[in-house]
Amino acid sequence: MTLRVKLKVGSVRGSWMMAGTAGAASAEPRLRADAKRNAEQIRRAAIGAFQGRGLSVPLEEVARAAGVSKATIFNRFGGRIGLIEAVISEVVATEIHAIIDRTRAVDDVWERLTYYVTAIRDLQYRQPATVDTMLQTYPDAQTLMEICRVGGEANEELVAAGRASGALRPEFTAEDLHALLHDSALVLKHGTRPRREEYDRRTAYLLDGMRAQETP
């Protein structure tokens, strides 16, 4: 009789343990699915916020748009830098790389320079995150800094071709082009935002100042 009681107790205990294990196992996929869904919601919210207002938008607003807590952003991405790294390709890099690729496809050197400067300034005007990228607002974001490096190489390549062809003023340097685009970013970030027609007119003035002067 005693033996039968022990067997029943052991059987019941074993069934509880199996039920607990099965419950934990079934909960794990749900937790992973929730974490994945939260991360994707945060990514989408960050892309929209960064594109609309720049990389410095408060993380509380990103969290609110994603329907999560600010702590969840830190849990999933480690903070602002990790979040920037996770979305900077969609926010900035893809467009900048496309501009560089299209620039290189233009045969005429001056038209190449004109397209590049106009397209970059247009992107600066439309996309606050581009301004933050060019100002290197978050230098700890390695992907952001890589975008700047690629942009710097494109500047050097364009200016070298422009000077070699005689399309640019002979004294104009890659550092000058960088400074002009950097100054534009500073104005858009910290100054009074110009009207679009004013901004485009100043792009034309900038290009005129870069171009080699025709000999009389």
Side-chain angles (χ1 to χ4, degrees), residues 36-59 61-63 65-66 68 72-74 76-106 111-162 174-190 193 196 199-200 203 206-207:
K36 185 176 181 180
R37 184 171 58 253
N38 285 344
E40 186 55 33
Q41 288 172 343
I42 293 167
R43 286 186 77 262
R44 287 199 299 267
I47 290 170
F50 290 164
Q51 285 179 335
R53 297 178 55 194
L55 301 179
S56 300
V57 65
L59 292 183
E61 295 186 17
V62 176
V68 301
T72 302
I73 294 179
F74 280 85
R76 297 288 176 262
F77 297 95
R80 184 180 301 277
I81 299 300
L83 187 55
I84 289 172
E85 293 279 12
V87 302
I88 195 69
S89 178
E90 292 96 324
V91 175
V92 174
T94 299
E95 284 202 72
I96 289 181
H97 290 155
I99 288 171
I100 293 172
D101 289 342
R102 286 194 291 266
T103 297
R104 289 171 173 156
V106 178
E111 289 181 5
R112 195 183 309 160
L113 282 157
T114 299
Y115 170 77
Y116 178 77
V117 171
T118 302
I120 290 294
R121 278 179 54 86
D122 171 69
L123 187 59
Q124 287 178 323
Y125 193 87
R126 292 187 293 105
Q127 176 60 275
T130 301
V131 169
D132 287 326
T133 299
M134 297 186 73
L135 294 177
Q136 300 182 8
T137 307
Y138 296 100
D140 291 334
Q142 295 181 3
T143 308
L144 183 151
M145 298 304 292
E146 176 63 13
I147 296 170
C148 294
R149 185 193 67 77
V150 170
E153 288 182 351
N155 290 350
E156 293 174 3
E157 176 186 319
L158 283 166
V159 170
E175 288 76 16
D176 291 328
L177 179 56
H178 171 78
L180 289 169
L181 295 175
H182 186 269
D183 289 351
S184 174
L186 281 173
V187 170
L188 290 169
K189 179 75 174 178
H190 301 293
R193 185 178 179 84
R196 183 67 204 229
Y199 187 80
D200 290 343
T203 299
L206 187 155
L207 287 165

Full working for side chain to side chain contact (heavy atoms under 4.5 Å, CB included) between L55 and L144: CA-CA 11 Å; L55 301 179; L144 183 151; 3.6 Å; yes
Atom pair OG1/CG of T203 and D200 - distance to nearest 0.5 Å: 5.5 Å
Partner residues of Y116 under the ring-ring contact (aromatic ring centres under 6.0 Å, His included) criterion, sequence neighbours left out: none
Sub-4.5 Å side-chain heavy-atom contact between I96 and V150: no
R76 side-chain N/O to L83 backbone N/O, donor-acceptor pair under 3.5 Å: no
Residue pair A45 / A65: nearest heavy atoms and the distance that separates them: CB-CB, 3.8 Å
Closest non-hydrogen atom pair, P128 against G52: CG-O, 3.6 Å
Heavy-atom side-chain contact between R37 and Q41 under 4.5 Å: yes
Test: E146 and R149 ion pair at under 4.0 Å: yes
Side-chain heavy atoms of H182 within contact of M134, under 4.5 Å: no
Nearest-0.5 Å distance, OG1 of residue T130 to CZ of residue F50: 13.0 Å
ring-ring contact (aromatic ring centres under 6.0 Å, His included) partners of H97, counting only residues at least two apart: none
Partners passing side-chain contact (heavy atoms from CB on, under 4.5 Å) against T143 (at least two apart in sequence or in another chain): E85, I88
Distance (rounded to the nearest 0.5 Å) between F77 CZ and L59 CG: 11.0 Å
Interatomic spacing from CD in Q124 to CG in L188 - rounded to 0.5 Å: 6.0 Å
Q142: partners by side chain to side chain donor-acceptor pair (under 3.5 Å), with sequence neighbours left out: none
Taking every non-hydrogen atom, the tightest pair across V131 and A185: CG1-O, 3.3 Å
Check ion pair E40-R44 (N to O, under 4.0 angstrom): yes
Rounded distance (nearest 0.5 Å) linking atom OG1 of T114 with atom CG of L207: 5.0 Å
Residues in ring-ring contact (aromatic ring centres under 6.0 Å, His included) contact with Y138, at least two apart in sequence or another chain: none
Listed partners of T137 passing side-chain contact (heavy atoms from CB on, under 4.5 Å), at least two apart: S56, D132, L135
Any donor-acceptor N/O pair, T72 side chain to V68 backbone, under 3.5 Å: no
N/O donor-acceptor pair under 3.5 Å between T94 side chain and S89 backbone: yes
Closest non-hydrogen atom pair, I147 against A93: CD1-CB, 3.6 Å
Contacts of A49 that satisfy side-chain contact (heavy atoms from CB on, under 4.5 Å) - sequence neighbours left out: V57, V62
Atom of P139, atom of M145 and distance for their closest heavy-atom approach: O-CG, 3.3 Å
Pairing residues for E157 by the salt bridge (Lys or Arg N to Asp or Glu O under 4.0 Å) criterion, not counting sequence neighbours: R104
Straight-line distance of I120 CD1 to L180 CG, nearest 0.5 Å: 13.5 Å
Minimal non-hydrogen separation, R80 against P58, with atom names: NH2-CA, 4.0 Å
Donor + acceptor pair across side chains of S184, Y199 (<3.5 Å): yes
Salt bridge (Lys or Arg N to Asp or Glu O under 4.0 Å): pairs with one or both residues in residues 133-145, sequence neighbours excluded: none
side-chain contact (heavy atoms from CB on, under 4.5 Å) partners of Q51, counting only residues at least two apart: I47, V91, Q127
With sequence neighbours excluded, residues passing side chain to side chain donor-acceptor pair (under 3.5 Å) with E175: T173
For D122, salt bridge (Lys or Arg N to Asp or Glu O under 4.0 Å) partners two or more places apart: R126, R196
